Protein chains: 4
Amino acid sequence: MGHKRMPREVRERHMLDAAVAAFARHGYQAASMDEIAEAAGVSKPLVYLYLKSKEELFMACVRREVGALVAAVRAGTRERGAPADQQLWNGLTAFFAHTAARPDGVTVLHRARTQGEPFAREVAAMRVEVATLVTSLLGQAARDAGCDSALAEREVSGLAHALVGAAESLAEWSNTQARTAPSSAPSARETAATLMNFCWSGLHNLLNGERWVPTSRVH
Amino acid sequence: MGHKRMPREVRERHMLDAAVAAFARHGYQAASMDEIAEAAGVSKPLVYLYLKSKEELFMACVRREVGALVAAVRAGTRERGAPADQQLWNGLTAFFAHTAARPDGVTVLHRARTQGEPFAREVAAMRVEVATLVTSLLGQAARDAGCDSALAEREVSGLAHALVGAAESLAEWSNTQARTAPSSAPSARETAATLMNFCWSGLHNLLNGERWVPTSRVH
Amino acid sequence: MGHKRMPREVRERHMLDAAVAAFARHGYQAASMDEIAEAAGVSKPLVYLYLKSKEELFMACVRREVGALVAAVRAGTRERGAPADQQLWNGLTAFFAHTAARPDGVTVLHRARTQGEPFAREVAAMRVEVATLVTSLLGQAARDAGCDSALAEREVSGLAHALVGAAESLAEWSNTQARTAPSSAPSARETAATLMNFCWSGLHNLLNGERWVPTSRVH
Amino acid sequence: MGHKRMPREVRERHMLDAAVAAFARHGYQAASMDEIAEAAGVSKPLVYLYLKSKEELFMACVRREVGALVAAVRAGTRERGAPADQQLWNGLTAFFAHTAARPDGVTVLHRARTQGEPFAREVAAMRVEVATLVTSLLGQAARDAGCDSALAEREVSGLAHALVGAAESLAEWSNTQARTAPSSAPSARETAATLMNFCWSGLHNLLNGERWVPTSRVH
DNA sequence: GATGAATGAGCGTTCATTCAT
DNA sequence: GATGAATGAACGCTCATTCAT
């Protein structure tokens with residue numbers, strides 16, 4: 001087998017790559033350590049030597065993918081001075097591009113949310129980080145628009161979650177499109193625009209204190 | 001073990017209840033038949049006698065929860081003659097109320113999407129059913145608002161997915177809130193209003209042909 | 001289901017018929033009580049009420065088939081006054097005819113030989129009974145032929161087992177032929193004649209004290 | 001458990017030994033993998049690691065025992081130039097000696113015949129191989145004796161089966177004798193002589209066209 | 001007399017994990 | 001440093017068997 005001497009760091013990256021692929025394809029429980037070791041081209045005890053246990057291996061995957069995703073989005077919004085909507089659009093574009101480029105990584109994050117407290121917490125923390133980013137953009141947008149009506153904290157949190165959920169759902173949908181009809185699949189930019197179209201004016205209205213209200217009570 | 005005699009139908013319902021709870025908590029793979037049988041207050045062979053296998057048991061759970069969710073949403077939108085936005089709001093309210101009332105059932109549906117073709121198909125069919133409902137409401141809303149510009153089919157599909165993702169994400173968030181701070185958790189109505197605020201004017205604008213466009217290209 | 005009231009004796013016969021068929025097809029271990037009860041058209045507890053347990057049910061099958069086989073062979077050799085070879089041939093013919101008529105019963109006896117002491121003993125007892133019959137015929141044949149050299153008891157026993165083994169093997173072979181090429185399958189009479197041809201002159205020579213001996217020692 | 005390290009080949013042989021013993025004693029279905037693993041002095045997973053499944057384990061046993069039996073008989077008949085009857089006797093002697101030396105192996109082959117197509121086929125192939133050997137000896141014997149009347153193919157097949165059945169039955173009987181009265185049990189040579197006495201002159205007569213015929217029809 | 005409802009016990013199989021070399 | 005050899009624990013599933021009606 002691969003007897004090639006390699007620095008630990010490289011070997012470890014190979015293991016994580018193999019693990020991410022396996023966890024994405026089969027899920028945490030169904031992916032087997034045998035499979036991962038073989039795909040990484042190393043023996044099983046080495047995997048245990050470097051990564052301790054299946055749980056820690058999964059956690060390492062999750063953390064690496066969380067880092068990569070956050071970095072991508074952050075890089076997208078780094079352009080200070082641009083208007084808030086532009087920055088949000090840049091961030092969404094970066095998100096969708098990352099999602100298309102590393103589907104397995106995103107899938108792992110998705111799966112991690114249903115694999116018990118510690119993993120779910122890691123992903124939740126990421127969501128909070130992203131939501132905070134979005135929130136600050138919204139705040140700047142409010143200032144840009146000259147409106148000062150602040151939204152309740154809880155409402156902002158809800159909106160952020162709605163936006164993140166919408167983005168994730170769209171990402172998954174567009175990946176499915178790319179797999180089934182690659183020629184006509186939407187680009188990251190188009191997907192981002194769709195989402196902006198969907199929500200921006202709603203947010204904008206909210207920030208201006210204009211709300212949708214039911215016209216009549218039913219129950 | 002407690003061998004109380006019960007008619008088959010009742011026992012089967014108990015088993016499904018226990019199974020939904022177990023699958024929601026641990027996921028399909030990690031939930032064990034032993035655990036489910038014990039939670040249902042019966043012995044394992046009886047579970048197999050009635051529900052054939054773990055796979056069929058999971059499928060039975062999925063189908064039951066799909067039925068319950070669709071029925072709830074349908075009942076919410078049954079009020080003919082009301083304006084489209086009102087109907088959509090009613091449907092969303094029903095959805096969030098159902099989600100709050102049967103969190104395990106909704107979690108099972110969520111998990112089913114990553115457990116292989118047959119389960120994913122069942123949930124996908126449900127999504128299509130709901131999306132169709134929403135789409136028809138949007139069409140009516142467009143007519144109500146006197147705007148006739150039809151959206152491209154692919155764009156509608158994207159919007160539906162975004163809306164569903166946002167709704168699911170909000171449902172989960174609101175459930176989390178209810179668990180961690182029950183006193184101040186948002187009601188189904190409030191959550192539905194948040195989502196309406198988030199997206200309704202965006203949809204309205206789109207239907208009127210007003211689109212958000214990036215003001216300058218970055219990359 | 002078959003709610004028809006039937007006398008116990010008849011019900012029991014149905015159960016034994018179903019059990020013989022099942023044991024013949026799948027073997028003792030693999031045949032299931034569910035299957036047998038269903039094939040017999042009764043509920044499982046009734047099978048237990050009448051036949052106590054799987055082991056006793058199997059034993060009942062074995063005993064019934066042993067009785068049937070022995071009765072058939074005895075009936076074949078009942079013709080007193082005929083020459084011994086003729087009687088032996090009659091017995092063999094009756095054996096092969098029975099074997100062809102009740103293949104499942106014979107298969108059960110075959111299987112019983114490898115299912116533990118009590119069953120094997122029952123079949124062994126049958127073999128002894130048949131071997132005794134054969135032995136007496138051989139004795140008569142010796143007297144008919146006017147030769148008085150008695151064979152050692154152990155040798156007679158060996159010859160009887162050889163003959164029984166040969167007969168069983170031929171029966172199985174001819175049943176296989178009947179299944180795969182029914183048109184050209186040998187009749188019971190032909191099979192009996194083949195076996196007589198094969199062994200009669202050897203027995204005859206032995207009874208006359210003529211033996212085959214190795215011409216040179218090898219080891 | 002005792003975890004003595006051993007090369008795979010050796011461990012595998014131990015497992016096969018234990019499996020042959022277990023399958024011989026209890027049959028394929030009733031023998032348990034737990035029992036086999038324990039008898040082999042290893043844990044169950046190791047048995048699965050090396051031999052894949054119960055079915056493959058049984059198949060491996062069957063193949064090993066088929067090979068050993070065929071090799072023994074072949075070695076017995078290797079003496080070219082000896083007269084055919086002598087060679088046949090040598091082969092039978094080798095067969096009975098093998099049967100006495102490896103009773104479990106032979107029992108496994110016997111049981112394999114009733115355990116479904118693939119196992120039965122393996123044993124059937126062995127029987128064909130042996131029958132071919134015997135047939136060629138008979139042909140040579142016919143030439144040696146100067147008689148040229150060929151037997152019908154089907155008749156030869158029948159005789160071969162009768163001989164094989166007689167040999168198996170004798171082998172089993174002689175093993176039983178050895179178990180119950182070891183001091184006076186017949187040797188392989190004696191048993192082979194008994195079988196030769198039983199059948200050789202019958203075969204000889206047949207080859208000379210002399211047949212036994214019933215003197216009067218009974219039924 | 002006959003049965004639907006129920007279970008204890010065990011089996012084949014797999015997997016994460018660790019020694020001994 | 002890297003691995004072949006080995007295992008404890010658990011899981012999905014089935015079966016013979018028995019109550020309670």
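In what follows, chains are A, B, ... by sequence order, proteins preceding strands, each numbered from 1. Treat the numbers as computed from the prediction; the structure is a model and nothing was measured.
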* Starting from C1' on dG8(E), measure out to CD on E38(B) and report it in whole angstrom. => 15 Å

* Do the numbers put R11(C) on top of the ring of Y50(C), so that NZ or CZ is under 6.0 Å from the six-membered ring centre and no more than 45° off the axis? -> no

* Let me know the distance between CG of L49(D) and P of dT17(E), rounded to the nearest Å. => 18 Å

* Quick one: does K54(C) reach the base of dT17(F) with a side-chain donor-acceptor pair under 3.5 Å? -> no

* For K54(D) against A31(D), the heavy-atom pair lying closest together -> NZ-O, 2.8 Å

* Residue pair E35(C) / H26(C), side-chain donor-acceptor N/O under 3.5 Å -> yes

* **Rounded distance (Å) that lies between atom P of dA2(F) and atom CG of L51(A)** => 14 Å

* **Carboxylate-amine/guanidinium proximity below 4.0 Å for E9(C) and R13(C)** => no

* **R8(B) vs dA5(E): side-chain N/O to OP1/OP2 distance below 4.0 Å** => no

* **Phosphate OP1/OP2 of dT14(E) contacted by Y48(D) side-chain N/O (<4.0 Å)** => no

* Asked: Considering heavy-atom distances to DNA chain F, does Q29(C) or E55(B) have its closest nucleotide positioned more toward the 5' end?
  -> E55(B)

* Could a donor-acceptor pair under 3.5 angstrom be found where the side chain of K44(C) meets the base of dT17(F)? -> yes

* To do: Can you spot which of E122(D), Q115(D), R121(D) makes a side-chain contact (heavy atoms from CB on, under 4.5 Å) with F119(D)?
  => Q115(D)

* Nucleotide dT17(E), atom P - distance to CZ of F58(A) in whole Å -> 14 Å

* To do: Select base, sugar-phosphate, or nothing to describe what A30(A) touches, counting heavy atoms under 4.0 Å on all strands.
  => nothing

* Asked: Quick one: on DNA chain F, does A31(B) or L46(D) contact a more 5' nucleotide (nearest heavy atom)?
  -> L46(D)

* Gap between atoms CG and P, on D34(B) and dA9(F) respectively (whole Å) -> 16 Å

* **Intra- and inter-strand pairs of DNA chain E in dot-bracket (Watson-Crick or G-U wobble, both distances under 3.5 Å; | for another strand)** => .||||||||||||||||||||

* **Whole-Å gap separating P (dA9(F)) and CD (E35(B))** => 20 Å

* Structure fact -> Atom CD1 of I36(A) and atom P of dT17(E) are separated, to the nearest Å, by 11 Å

* Structure fact -> note: M33(D), atom CE; dA10(F), atom P; distance rounded to Å ~ 21 Å

* If you measure from the Lys or Arg side-chain nitrogens to the Asp or Glu carboxylate oxygens, is any gap between R102(B) and D17(B) under 4.0 Å? -> no

* Structure fact -> By nearest-heavy-atom nucleotide on DNA chain E, the more 5' of Y28(A) and Y50(B) is Y50(B)

* Asked: What pairs with H14(C) under ring pair (Phe, Tyr, Trp, His ring centres under 6.0 Å), at least two apart in sequence or on another chain?
  -> none

